[in-house]
Amino acid sequence: MSNLYRPADDYDNWWTLGSTVEFDYHGTRLTGEIVRVYAAGTSFHVEVDGRRYEADIHADNMSMVW
């Protein structure tokens with residue numbers, strides 16, 4: 001029997017290349033795609049509208065976007 005796939009339930013998709021995330025940047029909230037993961041999986045390069053930002057899960061209040 002088929003089930004509805006919910007990406008939020010698939011922990012293998014959290015914080016990986018291609019995941020969509022939001023983060024704080026100088027008083028604004030940006031949404032983009034993870035294009036690089038480093039520093040034990042807590043720091044990322046996130047591409048937003050063709051620009052790449054360095055973001056940290058904790059320091060930049062990152063969250064997954066489903």
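Below, each value reflects all heavy atoms present in this structure, side chains not excepted, and no hydrogens, waters or symmetry copies.
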Determine whether Ile34 and Val21 make a side-chain contact, defined as any pair of heavy atoms from C-beta on separated by less than 4.5 Å.
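Touching, per the 4.5 Å side-chain cut-off.
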
Any side-chain heavy atom of Val48 within less than 4.5 Å of one from Phe23?
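Side chain of Val48 against side chain of Phe23, heavy atoms only: contact under 4.5 Å found.
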
As an exercise, state the distance from OG of Ser63 to CH2 of Trp15, rounded to the nearest 0.5 Å.
6.0 Å

Are the side chain of Asp60 and the backbone N or O of Met62 linked by a donor-acceptor pair below 3.5 Å?
no

Pairing residues for Glu47 by the side-chain hydrogen bond (donor to acceptor under 3.5 Å, both in side chains) criterion, not counting sequence neighbours
none

Residue pairs meeting salt bridge (Lys or Arg N to Asp or Glu O under 4.0 Å), one or both in residues 18-31, sequence neighbours left out, come to Glu22-Arg29, Asp24-Arg29

Which salt bridge (Lys or Arg N to Asp or Glu O under 4.0 Å) pairs, counting each pair once, include a residue from residues 33-42, with sequence neighbours left out?
none

For Trp14 and Trp66, take the angle between the two ring planes, folded into 0 to 90°, and tell me which bin it lands in: parallel under 30, tilted 30 to 60, perpendicular over 60.
tilted

Count I, L, V, M, F, W, Y as connected when their side-chain heavy atoms are under 4.5 Å apart, and connections chain through other members. Are [X] and [Y] then in the same cluster?
X     : Y     : answer
Leu30 : Val35 : no
Val65 : Tyr25 : no
Val46 : Leu17 : yes

Could you go through Thr20 and Thr31, starting from their C-alpha distance and side-chain angles, then the distance that decides it, and tell me whether this counts as side chain to side chain contact (heavy atoms under 4.5 Å, CB included)?
CA-CA 7 Å; Thr20 303; Thr31 302; 3.8 Å; yes

Please lay out, stage by stage, how Tyr38 and Phe44 fare under the test ring pair (Phe, Tyr, Trp, His ring centres under 6.0 Å).
CA-CA 6 Å; Tyr38 60 100; Phe44 305 88; 7.7 Å; no

